[in-house]
Amino acid sequence: MSSATIDWNSLGFNYIKTDLRYISYWKDGEWDNGTLTEDNVLHISEGSTALHYGQQCFEGLKAYRCKDGSINLFRPDQNAARMQRSCARLMMPAISTEKFIEACKQVVKANEHFIPPYGSGGSLYLRPYVIGVGDNIGVHPAPEFIFSVFCTPVGPYFKGGMKPVNFMVSSYDRAAPHGTGAAKVGGNYAASLLPGHEANDRNFADCIYLDPETHTKIEEAGGSNFFGITRDNRFITPKSPSILPSITKYSLLELAKRQGLEVEEGDIFIDKLDDFAEAGACGTAAVITPIGGIQNGEHFHTFYSEGDVGPVTKALYDELVGIQYGDREGPAGWVVKIDG
Ligand code: PLP
Ligand code: COI
């Protein structure tokens, strides 16, 4: 597809094929140097562990077009580190931080004309992944692996962007208490498909999952972490071994502190939502999406408003997005420039 036909202002979160993607193969104990290819189709063994035993992981990060025309990546070292942890959890060979960032840079440069213009609200979403491939049938780590990075231009993940959405507490778990919830692996998302679909069917943007051990505390949503702003102005986000350690969430913990809020990773009990003046979902795709309300069984709890964004959420959004697009100064090392 040519980027000339894209309406940058009406992008959603959909796959658009771009020109080139990076692919690297692991065989006999090492990764090759990787190349860019036009081919967006993989040809892999029918015995690949990625197909049968879910031996795979992925990442998500974005490239942003700045006002001066330059291009920013946001904390790619953190995505690299998380992918290394995911690979370790699923017995896959790690990608070094250097290789990960280099692959991302190559893909962005090779598809530069797909980066949505500054001011459109869009960005170029990068999807790195590692999969187990090669002939195999037993439940073992694969004999070979593929690391690839592709990109696609995106707009808001939730319809309407910075407009409040409603969530629904799910009776399903997305991850087990000591399972793979903290790793960015496909199995967690496979488990979330049915609950997510049921929530969408009932007009909710996504599910809120409760902690799988006691079902009393908020964990996260299907594709984003959760945060709440208490009535006494504290920023609280769940601490749990079975949620994804969100890079956006850790960034917000720092930014909220800079804005003078007390911050805490702690318990958010589902029957204590009255403590919160505002709530939101956060993530690379979700950015910050205000949560209007949460349906929990028969009860619907409204936070700030179902129509408006609360002031603390708005200030955090402006700061985060300002840093990502280069309009505001972030903490040292958060923004990595891509040379033109
Ligand atoms: N939680 C889940 C389940 C996710 O899929 C994501 C998206 O990556 C997040 C949280 C947010 O993580 P991050 O801020 O690193 O994108
Ligand atoms: C991301 O935000 O990068 C994610 O991976 C979320 C996914 C559900 C699209």
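- The aromatic ring centroids of F13 and Y125 lie less than 6.0 Å from each other.
- Side chains of P238 and E219 form no contact here, defined as non-hydrogen atoms less than 4.5 Å apart.
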- Item | Verdict with reasoning, V321 to V287, per side chain to side chain contact (heavy atoms under 4.5 Å, CB included) | CA-CA 8 Å; V321 171; V287 195; 3.7 Å; yes
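- One distance of note links CG of L316 with OG1 of T248; it measures 12.0 Å at 0.5 Å rounding.
- Rounding to the nearest 0.5 Å places CG of D267 at 12.5 Å from CD1 of I270.
- For Y129 and F147, the distance between ring centers is not under 6.0 angstrom.
- Between the side chains of Q84 and T97, at least one donor N or O sits under 3.5 Å from an acceptor N or O.
- Ring centroid separation for the pair Y189 and F58 comes in under the 6.0 Å cut-off.
- Scanning all heavy atoms of the two residues, the minimum distance from Y325 to S123 falls at OH-CB, 4.0 Å.
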- Candidate pair K99 and Y22, rule side chain to side chain contact (heavy atoms under 4.5 Å, CB included), full reasoning: CA-CA 11 Å; K99 184 178 177 76; Y22 171 96; 3.1 Å; yes
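- Taken together through direct or relayed side-chain contacts under 4.5 Å among Ile, Leu, Val, Met, Phe, Trp and Tyr, L124 and F74 form parts of separate hydrophobic clusters.
- Summarising the geometry, atom CG belonging to L252 is positioned 9.5 Å from atom CD belonging to Q259; distances are rounded to the nearest 0.5 Å.
- The main-chain N or O of I243 is never found under 3.5 Å from a side-chain atom of R174 such that the two would form a donor-acceptor pair.
- Under a 4.0 Å N-O distance rule, the pair R258/E319 qualifies as a salt bridge.
- D232 and T230 share a donor-acceptor pair across their side chains, judged by distance under 3.5 Å alone.
- Taking the side chain as every heavy atom from C-beta outward, S3 and W8 approach each other to under 4.5 Å.
- Closest approach of A199 and C207 over heavy atoms only: CB-SG, 3.8 Å.
- Side-chain contact between Y64 and P116 is absent, with no heavy atoms from C-beta onward closer than 4.5 Å.
- Using a distance-only test at 3.5 Å, with no hydrogens or angles considered, a donor-acceptor pair links the side chain of N200 to the main chain of A205.
- Ion pairing of K272 with D274 is absent here, as no side-chain N (NZ or NE/NH1/NH2) approaches a carboxylate O to less than 4.0 Å.
- Of the possible polar contacts, none joining the S224 side chain to the G283 backbone as a donor-acceptor pair under 3.5 Å is found.
- Of the inter-residue distances, the one linking I291 atom CD1 with E306 atom CD reads 12.0 Å to the nearest 0.5 angstrom.
- In the model, E30 has no side-chain atom that pairs as donor or acceptor with a side-chain atom of Y25 under 3.5 Å.
- At a threshold of 4.5 Å between non-hydrogen side-chain atoms, the residues R21 and L36 do not count as touching.
- The shortest distance between side-chain heavy atoms of K17 and Y15 falls below 4.5 Å.
- The backbone N or O of P177 lies less than 3.5 Å from no partner atom in the side chain of S242, so there is not a single donor-acceptor pair.
- Using modelled atom types and a 3.5 Å distance limit, the side chains of N72 and Q324 yield no donor-acceptor pair.
- Taken to the nearest 0.5 Å, the NE2 atom of H301 stands 11.5 Å off from the CG atom of D271.
- Here the shortest heavy-atom pairing between A285 and K62 reads O-NZ, 3.7 Å.
- E265 and T237 share no donor-acceptor pair across their side chains, judged by distance under 3.5 Å alone.
- Remark: the backbone N or O of L61 is not paired with any side-chain donor or acceptor of N79 at under 3.5 angstrom.
- The backbone N or O of K184 sits less than 3.5 Å from a side-chain atom of S86, completing a donor-acceptor pair.
- Taken from SG in C282 to OH in Y250, the straight-line distance is 10.5 Å, to the nearest 0.5 Å.
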- Run the side-chain hydrogen bond (donor to acceptor under 3.5 Å, both in side chains) check on D327 and Y118 step by step: do they pass? CA-CA 11 Å; D327 295 329; Y118 174 83; 2.8 Å; yes
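- The environment of NE2 in H215 is crowded: more than 12 heavy-atom neighbours from other residues, nucleotides or ligands sit within 6.0 Å.
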- Item | side chain to side chain contact (heavy atoms under 4.5 Å, CB included) evaluation trace for Q56 with V130 | CA-CA 5 Å; Q56 62 83 251; V130 176; over 6 Å; no
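- With 3.5 Å as the limit, one finds no donor-acceptor pair spanning the side chains of D206 and Y157.
- At least one side-chain heavy atom of T313 sits less than 4.5 Å from a side-chain heavy atom of F227.
- In this structure, R82 contributes its side chain and P245 its backbone to a donor-acceptor pair below 3.5 Å.
- Ring planes of F226 and F303: tilted class, angle from 30 to 60°.
- Using a cutoff of 4.0 Å between basic side-chain nitrogens and carboxylate oxygens, E59 and R127 are not scored as salt-bridged.
- The number of heavy atoms from other shown groups lying within 6.0 Å of CD (E262) does not exceed 12.
- H52 and N136 form no side-chain donor-acceptor contact under 3.5 Å, judged by distance and modelled atom types alone.
- Checked by atom type and distance alone, the side chain of R65 pairs as donor or acceptor with a backbone atom of G69 at under 3.5 Å.
- Remark: D135 CG is loosely packed, at most 12 non-hydrogen atoms of other residues, nucleotides or ligands lying under 6.0 Å away.
- In this structure, F158 has its ring center closer than 6.0 angstrom to the ring center of F167.
- Formation of a donor-acceptor pair under 3.5 Å by the N188 side chain with backbone atoms of A183 is found in this model.
- Residues L20 and N111 share a closest heavy-atom pair of O-ND2, 2.8 Å.
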- Between T180 and R89, does a side chain to side chain contact (heavy atoms under 4.5 Å, CB included) hold up when you go through it step by step? CA-CA 8 Å; T180 56; R89 180 66 178 83; 3.8 Å; yes
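- Panel note: side chain Q55, backbone L90; a donor-acceptor pair is recorded below 3.5 Å.
- In terms of heavy-atom proximity, I268 sits nearest to I236 at CD1-O, 3.6 Å.
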